[in-house]
Amino acid sequence: GTVKKPMIGIAVIGAALLIGTGAYAGFAIRDNQHTQELHAISERDQKILSVIIKRNPAATIRDFQGFQGKLVGGAHALGLDFRYVMALIDKESEWNPKAVSTAGAIGLMQVMPETAALVVKKMGWEGYEAPNPARASVRYNSLGSLGEPEWNLRIGLQFLKWQIDEYGLGPEHLRAYNRGGSLAREHWPKDRYAEDIALKLVALVHQLEGEGGIAMKPLSARPAPPMKKKGVSVQTPAQAPQLKEIVVVPAIPAPAPTR
C-alpha cells in the first residue's frame with residue numbers, strides 16, 4: 001500500500017545535503033577541485049538554511065527544497081547580491097511562504113497579485129497560476145503560484161530589479177517596492193523600511209561571510225591636499241596608511257543618504 005511520508009522540518013535538510021552530496025561526490029566526481037566546489041556550495045546552503053530556520057522554525061523541506069540555489073542563481077543573474085534579497089525577504093515575510101498581508105500581498109517577497117500579473121505578462125512566462133480570491137473573511141481560497149517560494153522569488157526578484165533600474169540604489173527603490181512608485185520619493189519620518197533592510201543586510205554579510213564573494217581589498221591611498229592653519233601650509237605625509245574595504249561580488253552599493 002501507499003505509505004504516507006510525514007512532513008519533515010527543514011532542520012534535517014543539512015544532514016541530507018551533506019550525505020547526498022558526499023555520496024554523489026564519491027560516485028561521480030573524482031576531481032578534487034570539483035569535490036571542493038561541491039562542498040563549498042553545501043556549506044553555503046547550510047548557512048542560508050540556518051538563517052531561514054532561525055526566523056521561521058516551522059519551515060519545511062517541501063517549501064524550501066532546492067531554494068538556496070534558485071535564490072543565489074536568480075539574484076546573480078539580475079546583478080543582485082543574494083544576501084540583499086534575503087534581507088528584504090526577512091523584512092517582508094519573516095520567511096513565511098504563506099504569509100498574506102492586510103493589503104493582500106502574498107508569500108516570501110509579499111508580491112501583490114496585480115504586480116505578479118504585470119511581471120509575468122511582460123516577461124512572457126508560462127505556467128503561472130493566479131491567486132483565487134475569496135469573498136468571505138479569508139482573502140484567498142488559493143494563493144496560486146505566489147504561495148510557492150520559487151515563483152514568488154522569481155517574480156519578486158524581477159520586480160525589485162525594475163525598481164532599482166528606475167530609482168537607483170537609494171532608499172527610493174525600496175520604497176517603490178513596498179509602497180508603489182507614486183510614493184517612492186516621499187519621506188515618512190516614522191517609516192524605517194529601508195533602514196531595517198539595510199541593518200538586516202549588515203547582519204547577513206557577517207553571518208554568510210565568504211559566501212558572496214567577500215574579499216579584503218587594499219585601497220590605494222592618495223596624499224591629502226596641503227592644509228592651511230593660521231597662514232602656515234602643513235603638508236601631510238606623502239604615503240598614508242593603507243585602508244581596507246569589503247568588496248562584495250556581485251555588489252549592491254549602500255543606499256545614498258537622504259536629505
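In this chain, numbering begins with 1 at the start of the sequence shown. Here the structure is a predicted model, which means the values were calculated and not measured.
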Enquirer: Shared ILVMFWY cluster between Val202 and Leu208, side chains joined below 4.5 angstrom?
Expert: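 Not linked; separate clusters.
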Enquirer: Contact between Tyr128 and Ile155 at the side-chain level, heavy atoms closer than 4.5 Å - yes or no?
Expert: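 The answer is yes, as the side chains (C-beta and beyond) meet within the 4.5 Å cut-off.
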Enquirer: Do Tyr193 and Lys91 come within less than 4.5 Å of each other through their side chains, counting heavy atoms only?
Expert: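 Yes; the side chains approach each other to less than 4.5 Å.
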Enquirer: For Phe64 and Gln68, work out which heavy atoms get closest and say how close.
Expert: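 That would be O-OE1, 3.7 Å.
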Enquirer: Indicate yes or no for a side-chain donor-acceptor contact from Tyr140 to the backbone of Gly104 under 3.5 Å, with no hydrogens or angles considered.
Expert: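 Yes.
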Enquirer: Please enumerate all residues that pass side chain to side chain contact (heavy atoms under 4.5 Å, CB included) together with Arg55, with sequence neighbours excluded.
Expert: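 Asp90, Glu94, Trp95, Lys200.
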Enquirer: Shortest non-hydrogen contact from Pro113 to Ile106?
Expert: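 Nearest pair, atom of Pro113 first, then Ile106: CG-CD1, 4.3 Å.
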Enquirer: Determine whether a donor-acceptor pair (N or O, by modelled atom type, separation under 3.5 Å) exists between the side chain of Asn152 and the backbone of Leu146.
Expert: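 Here the side-chain-to-backbone pair exists.
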Enquirer: Please check if Leu88 and Leu169 belong to a single hydrophobic cluster, counting links between Ile, Leu, Val, Met, Phe, Trp and Tyr side chain heavy atoms closer than 4.5 Å.
Expert: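 Linked within one cluster.
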Enquirer: Who clusters with Met112? Use side-chain heavy atoms, under 4.5 angstrom, across I, L, V, M, F, W and Y, and order the result by chain and number.
Expert: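 ILVMFWY cluster around Met112 holds nothing else.
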Enquirer: First locate atom NZ of Lys161, then atom CG of Leu157, and finally report the distance between them rounded to the nearest 0.5 Å.
Expert: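 Output value for this atom pair is 11.0 Å.
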Enquirer: Can you confirm whether Leu108 sits close enough to Pro149 that some side-chain heavy atom of one is under 4.5 Å from a side-chain heavy atom of the other?
Expert: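 Leu108 reaches Pro149 side chain to side chain.
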Enquirer: So, do Val205 and Tyr84 sit near enough that their side-chain heavy atoms are less than 4.5 Å apart?
Expert: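 Not touching, per the 4.5 Å side-chain cut-off.
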Enquirer: Does Glu129 offer a backbone N or O that forms a donor-acceptor pair with the side chain of Ser145 under 3.5 Å?
Expert: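 Yes; judged by distance alone, with no hydrogens or angles, the pair exists.
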Enquirer: Same cluster or not: are Leu118 and Ile164 linked, directly or through other Ile, Leu, Val, Met, Phe, Trp or Tyr residues, by side-chain heavy atoms under 4.5 angstrom apart?
Expert: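 No; Ile164 is not reachable from Leu118 via cluster members.
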Enquirer: Is a donor on one side and an acceptor on the other found under 3.5 Å between the side chain of Gln158 and the backbone of Arg154?
Expert: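 The answer is no, because no donor-acceptor pair under 3.5 Å joins these two groups.
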Enquirer: With sequence neighbours left out, write down each residue that passes salt bridge (charged side-chain N to carboxylate O under 4.0 Å, His left out) with Lys98, or none if nothing qualifies.
Expert: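 If we apply the salt bridge (charged side-chain N to carboxylate O under 4.0 Å, His left out) test to Lys98, skipping adjacent residues, there are no hits.
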Enquirer: Applying ring pair (Phe, Tyr, Trp, His ring centres under 6.0 Å), can you list everything that pairs with Tyr167, at least two apart in sequence or on another chain?
Expert: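 Testing Tyr167 for ring pair (Phe, Tyr, Trp, His ring centres under 6.0 Å), a comparison that skips the adjacent residues, returns none.
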Enquirer: Who passes side-chain hydrogen bond (donor to acceptor under 3.5 Å, both in side chains) against Arg179, sequence neighbours left out?
Expert: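 With neighbours one apart ignored, the set is Asp191.
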Enquirer: Is it true that a side-chain atom of Arg139 and a backbone atom of Ala134 form a donor plus acceptor pair closer than 3.5 Å?
Expert: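 Checked: no pair found.
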Enquirer: Would you check if there is a donor-acceptor pair between the side chains of Ser93 and Asn96 at a distance under 3.5 Å?
Expert: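 Judged by distance alone, the side chains do not pair up.
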Enquirer: Report the C-alpha distance between His173 and Leu160 in whole Å, list the side-chain angles of each, state the deciding distance to 0.1 Å, and finish with yes or no for side chain to side chain contact (heavy atoms under 4.5 Å, CB included).
Expert: CA-CA 8 Å; His173 81 272; Leu160 176 63; 4.0 Å; yes
Enquirer: Taking all heavy atoms of Tyr177 and all of Met109, pick out the closest pair and write down the distance.
Expert: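 Distance-wise, the nearest heavy atoms are OH-O, 2.6 Å.
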Enquirer: Does the side chain to side chain contact (heavy atoms under 4.5 Å, CB included) test come out yes or no for Leu183 and Trp188, once each step is laid out?
Expert: CA-CA 10 Å; Leu183 301 175; Trp188 302 344; 4.0 Å; yes
Enquirer: CD of Glu150 to CG of Leu71: how many Å apart, nearest 0.5 Å?
Expert: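 Interatomic distance, Glu150 CD to Leu71 CG, rounded to 0.5 Å: 12.0 Å.
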Enquirer: What pairs meet the side chain to side chain donor-acceptor pair (under 3.5 Å) rule with one or both residues in residues 107-118, with sequence neighbours excluded?
Expert: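 For residues 107-118, and leaving out neighbouring residues, there are no side chain to side chain donor-acceptor pair (under 3.5 Å) pairs at all.
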Enquirer: Determine, stepwise, if the pair Phe67 / Leu49 fulfils side chain to side chain contact (heavy atoms under 4.5 Å, CB included).
Expert: CA-CA 9 Å; Phe67 178 81; Leu49 283 172; over 6 Å; no
Enquirer: Could you give the distance from CH2 (Trp151) to NZ (Lys70), rounded to the nearest 0.5 Å?
Expert: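 The distance works out to 12.5 Å.
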Enquirer: Any heavy-atom pair between the side chains of Arg192 and Leu199 that's under 4.5 Å?
Expert: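 Yes, side chains in contact.
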Enquirer: Val85 and side chain to side chain contact (heavy atoms under 4.5 Å, CB included): which partner among Leu204, Leu78, Leu153?
Expert: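 Testing each of Leu204, Leu78, Leu153 against Val85, the sole residue satisfying side chain to side chain contact (heavy atoms under 4.5 Å, CB included) is Leu153.
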Enquirer: Could you check whether any side-chain heavy atom of Ser50 comes within less than 4.5 Å of a side-chain heavy atom of Gln46, counting everything from C-beta outward?
Expert: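 Contact flag for Ser50/Gln46 side chains = no.
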Enquirer: Quick one: do His76 and Leu80 satisfy side chain to side chain contact (heavy atoms under 4.5 Å, CB included)? Show the steps, please.
Expert: CA-CA 5 Å; His76 182 79; Leu80 304 176; over 6 Å; no
